[in-house]
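Just so it is clear: chains get the letters A, B, ... in the order the sequence lines come, proteins before strands, and each one is counted from 1.
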Amino acid sequence: MPRKYWLMKTEPDVFSFDDLKDRPHQTEPWDGIRNYQARNYMRDEMKIGDRILFYHSRCDPPGIVGVAEVVGEAVPDPSAWDPKSNYYDEKASPENPRWCMVSVRYFETFPRLVSLEELKADPKLSEMRVVQRGNRLSIMPVTKEEFDYVIKMSRKS
DNA sequence: GCCAACGTTGGC
DNA sequence: GCCAACGTTGGC
């Protein structure tokens, strides 16, 4: 089974790539996803060893800062039934978890940020979901070609 | 901080 | 099951 490729968004003010790097084992359970399409990708398709383009949103400039990898496949997200959590969902329970999470581990920081502006400007990446207008998915698939191309961009000045 | 583009909710 | 209202996302 060949590995798959993904892009995950995060707001660096909330949880940044450096925060991930600083975690024990450089690993974090990706809780708090409350979008069905994103959940389904995690639940059905994300497998150990998959690679992730790590994207910083709501910052200046927005863009891809590095690569992470999937180290734990989907399990129920306990924050969903924790009333104290920001991600609390009253319709979720341990019996009916509704939401799930994968675990991600830091892999490498790019030598430089690859900005959204650059992604948008490159015709080779015109099909990438992250450059489409109005896209709000926080987890989305990326093709191997796109992934490899972004890695190459990160190594050019 | 504004606001357009989304996804979700719930009345009917 | 339609769709208006509402809440959220995220670039700018």
Side-chain angles (χ1 to χ4, degrees), chain A residues 4-23 28-46 50-70 74-104 106-143 145-147 149-154 156-157:
Chain A
K4 292 185 178 173
Y5 299 89
W6 306 93
L7 182 145
M8 279 178 142
K9 292 181 192 169
T10 175
E11 295 182 31
D13 291 348
V14 179
F15 188 86
S16 72
F17 198 45
D18 281 339
D19 292 334
L20 178 64
K21 192 179 177 183
D22 290 343
R23 286 290 146 139
E28 181 75 358
W30 211 246
D31 62 358
I33 298 295
R34 296 294 178 265
N35 169 284
Y36 287 106
Q37 210 177 338
R39 180 203 65 179
N40 294 349
Y41 284 136
M42 287 198 292
R43 187 189 61 192
D44 304 334
E45 295 194 46
M46 293 184 90
D50 286 1
R51 293 281 152 83
I52 302 160
L53 295 173
F54 212 87
Y55 180 91
H56 277 173
S57 65
R58 262 180 172 277
C59 57
D60 193 21
I64 300 169
V65 291
V67 176
E69 63 180 333
V70 178
V75 294
D77 176 356
S79 71
W81 57 83
D82 175 4
K84 291 193 291 293
S85 168
N86 288 337
Y87 309 120
Y88 178 61
D89 176 356
E90 59 180 12
K91 291 183 183 150
S93 66
E95 296 73 35
N96 181 17
R98 187 140 123 149
W99 303 109
C100 66
M101 60 185 188
V102 297
S103 286
V104 303
Y106 172 86
F107 189 76
E108 66 163 0
T109 304
F110 282 167
R112 65 180 191 87
L113 173 138
V114 179
S115 70
L116 177 62
E117 188 181 11
E118 283 177 81
L119 300 175
K120 280 182 168 167
D122 200 308
K124 282 210 165 63
L125 299 177
S126 60
E127 299 298 313
M128 260 184 110
R129 306 248 325 242
V130 74
V131 307
Q132 312 293 331
R133 183 159 153 275
N135 171 68
R136 292 170 44 180
L137 255 192
S138 60
I139 298 176
M140 62 185 79
V142 168
T143 67
E145 290 69 29
E146 290 164 345
F147 183 90
Y149 191 74
V150 170
I151 301 290
K152 240 191 273 174
M153 288 173 85
S154 76
K156 285 190 201 147
S157 51

Report task. Output yes when at least one side-chain N/O atom of A:Tyr55 is less than 4.0 Å from OP1 or OP2 of C:dG11, else no. Result -> yes
Given C:dG10, is OP1 or OP2 found less than 4.0 Å from the side-chain N or O atoms of A:Lys9?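 Yes, within the criterion.
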Legend entry - Any side-chain heavy-atom pair of A:Val142 and A:Val130 under 4.5 Å: no
So, does A:Arg112 use its side chain to make a donor-acceptor pair with the main chain of A:Lys156 at under 3.5 Å?
->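 Pair found, side chain donor or acceptor close to backbone of A:Lys156.
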Q.
Please check this pair: side chain of A:Glu11 against backbone of A:Ser16, looking for a donor-acceptor N/O pair closer than 3.5 Å.
A. no
Atom-pair distance ([atom1] on [X]; [atom2] on [N]), nearest Å:
| X | N | atom1 | atom2 | value |
| --- | --- | --- | --- | --- |
| A:Asp13 | C:dG10 | CG | C1' | 12 Å |
| A:Tyr36 | C:dT8 | OH | P | 15 Å |
| A:Glu118 | C:dG11 | CD | P | 15 Å |
| A:Ile139 | C:dT9 | CD1 | C1' | 15 Å |
| A:Asp60 | C:dG11 | CG | P | 10 Å |
| A:Asp89 | B:dT9 | CG | C1' | 13 Å |
| A:Asn135 | B:dG7 | CG | C1' | 12 Å |
| A:Ile33 | B:dT8 | CD1 | P | 13 Å |

From the set [options], return the single nucleotide nearest to any side-chain atom of [X].
| X | options | result |
| --- | --- | --- |
| A:Arg58 | C:dG10, B:dT8, B:dT9 | C:dG10 |
| A:Arg98 | C:dC12, B:dG7, B:dT9 | B:dT9 |
| A:Lys120 | C:dT9, C:dC12, B:dT9 | C:dC12 |

Centre of A:Phe147's six-membered ring, under 6.0 Å away, within 45 degrees of the axis: is that where NZ or CZ of A:Arg51 sits?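 Here A:Arg51 fails the 6.0 Å and 45° test against A:Phe147.
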task: Indicate, with yes or no, if the rings of A:Tyr36 and A:Trp99 have centres closer together than 6.0 Å.
output: yes
Residue pair A:Lys91/A:Gly134 against DNA chain B: nearer the 5' end by closest nucleotide is A:Gly134
